[in-house]
Amino acid sequence: MDHPIFIALDFATADLARQFLKKFEHAQPKPAIKIGMELFYTTGPDFVRELRQAGFTIFLDLKLYDIPNTVAQAVRTITRLDVQYLTLHAMGGAKMLEAAVAAKQNSDLKLLAVTQLTSLTEVEMQSTQSTTLTMTQSVKHLAELAYQQGIDGTISSALEATPILQVTAPEFLRITPGIRLAGDSADDQKRITTPSQARELAASGLVIGRSITKAQDPVTAYMRAKKEWSE
């Protein structure tokens with residue numbers, strides 16, 4: 001990937017996000033960024049267009065999950081924003097995933113399927129979803145389903161990146177949130193790794209939020225993450 005590290009802009013307003021990104025105004029190339037539901041629902045598509053015009057690679061994390069036609073219409077709309085990555089839930093099923101792939105048509109948009117949230121433990125997953133599958137079994141099943149429908153990759157813990165690779169293909173992206181720099185708090189994440197551990201586990205790319213956005217020196221933290229990833 002050209003941009004293996006995405007900084008999660010987990011801010012409540014556009015102004016807070018702008019203030020943070022100003023710290024990277026001299027960075028070349030600009031870091032890739034993830035815009036989640038909180039920021040997107042606050043700012044809408046205009047802020048996405050603003051950041052695209054500023055030259056940022058954008059990962060729009062909306063976790064689409066609805067009937068196939070609704071998701072397809074949403075994907076068609078999002079292609080007009082010229083973002084590079086978009087998430088949807090693998091548990092939406094084969095028809096929803098297939099409809100999303102068809103809807104992106106000839107755009108360069110990469111669709112990433114969320115398998116199991118990194119905030120879930122195995123016990124919580126089994127209880128919530130009424131399943132006896134292990135976390136790894138569930139993630140592998142959902143990843144294979146997404147791969148078969150033409151989805152470009154998954155969002156999952158780095159702990160499941162190798163099993164996902166086993167049932168998909170090397171070019172199938174394995175983007176992993178739940179990344180913390182060594183010594184940082186896990187916060188509300190359960191299945192976490194460091195950048196170097198994620199790479200060893202066959203991750204294709206990382207999503208890093210608080211380890212960078214809450215750091216005293218975010219640029220230094222970002223460079224540290226890049227170094228850990230590349231070594």
Side-chain angles (χ1 to χ4, degrees), residues 1-6 8 32 34 59 61 63-65 68 71 75 84-102 104 108-182 186 189-209 225-226 228-231:
M1 295 180 64
D2 293 336
H3 300 276
I5 295 178
F6 299 90
K34 179 179 84 72
F59 168 3
D61 186 19
K63 298 183 177 69
L64 302 179
Y65 186 8
V71 169
V75 171
Q84 285 64 58
Y85 300 87
L86 172 69
T87 57
L88 62 170
H89 269 288
M91 282 189 288
K95 289 183 179 179
M96 188 200 84
L97 298 173
E98 183 181 20
V101 170
K104 75 173 187 174
D108 293 329
L109 177 67
K110 301 286 188 186
L111 296 176
L112 303 173
V114 177
T115 55
Q116 296 291 350
L117 300 175
T118 53
S119 59
L120 285 177
T121 65
E122 185 162 282
V123 171
E124 289 169 337
M125 179 204 74
Q126 291 171 339
S127 173
T128 302
Q129 299 171 20
S130 187
T131 180
T132 57
L133 293 176
T134 66
M135 180 68 74
T136 299
Q137 288 171 334
S138 176
V139 168
K140 286 177 69 174
H141 168 70
L142 292 169
E144 187 171 19
L145 177 69
Y147 175 64
Q148 290 171 346
Q149 304 311 315
I151 297 295
D152 300 291
T154 50
I155 300 291
S156 70
S157 167
L159 299 173
E160 287 106 35
T162 297
I164 289 172
L165 177 60
Q166 292 169 351
V167 295
T168 58
E171 63 272 17
F172 188 71
L173 300 174
R174 298 167 300 282
I175 310 300
T176 60
I179 303 296
R180 293 290 185 270
L181 299 181
Q189 302 282 17
K190 301 296 194 302
R191 303 183 340 270
I192 64 173
T193 67
T194 65
S196 58
Q197 289 170 336
R199 186 176 181 88
E200 290 171 3
L201 291 167
S204 304
L206 314 176
V207 177
I208 307 179
K226 288 183 67 174
E228 284 192 29
W229 170 257
S230 61
E231 287 182 342

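Please read all numbers here as calculations on a predicted model, not as lab measurements. The figures here come from the full heavy-atom set of this structure, side chains too, leaving out hydrogens, waters and symmetry mates.
- Heavy atoms only, all atoms of each residue included: Ser119 and Glu124 are closest at O-OE1, 3.6 Å.
- Remark: of the listed residues Leu64, Leu88, Thr87, Leu88 is the sole one forming a side-chain contact (heavy atoms from CB on, under 4.5 Å) with Leu111.
- No donor-acceptor pair under 3.5 Å is formed between the side chain of Thr154 and the backbone N or O of Ser156.
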CA sep, side-chain torsions, deciding dist, call: Gln116, Gln129, side chain to side chain donor-acceptor pair (under 3.5 Å): CA-CA 11 Å; Gln116 296 291 350; Gln129 299 171 20; 2.8 Å; yes
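- Between Thr134 and Gln126, the shortest heavy-atom distance links the atoms CA-NE2, 4.1 Å.
- Rounding to the nearest 0.5 angstrom, the gap separating the OG atom in Ser127 from the CD atom in Glu122 is 12.5 Å.
- The salt bridge (charged side-chain N to carboxylate O under 4.0 Å, His left out) analysis of residues 136-149, with sequence neighbours excluded, yields no pairs.
- Residues Ile175 and Tyr85 form no side-chain contact, since every pair of their non-hydrogen atoms from C-beta on lies 4.5 Å or further apart.
- Taking all atoms of both residues into account, the shortest heavy-atom contact from Pro195 to Ala225 is CB-O, 3.9 Å.
- Note: His89 and Tyr65 have tilted aromatic rings, judged against thresholds of 30 and 60 degrees for the angle between ring planes.
- One distance of note links CE of Met91 with NZ of Lys63; it measures 11.5 Å at 0.5 Å rounding.
- Closest approach of Met135 to Leu120, counting heavy atoms only: CE-O, 3.7 Å.
- Pairing each heavy atom of Pro163 with each of Glu160, the nearest pair is CD-O, 3.2 Å.
- Here the straight-line distance linking atom CZ of Arg174 with atom CG of Leu201 works out to 11.0 Å at 0.5 Å rounding.
- The two residues Val75 and Ala100 make their nearest non-hydrogen contact at CG1-O, 3.7 Å.
- Residues passing the side-chain contact (heavy atoms from CB on, under 4.5 Å) test with Gln84, sequence neighbours excluded: Arg52, Thr57, Ile58, Asp82.
- Distance CZ/Phe59 to CG/Leu86: 8.5 Å, rounded to 0.5 Å.
- Within the 4.5 Å cutoff, no side-chain heavy atoms of Val207 are placed close to those of Ile179.
- Rounded to the nearest 0.5 angstrom, Leu206 CG and Trp229 CH2 are separated by 4.5 Å.
- Residues meeting the side-chain contact (heavy atoms from CB on, under 4.5 Å) test with Ala94, sequence neighbours left out: Leu145, Gln149.
- Between the CD1 atom of Ile164 and the OG atom of Ser204 there is a distance of 9.0 Å, given to the nearest 0.5 Å.
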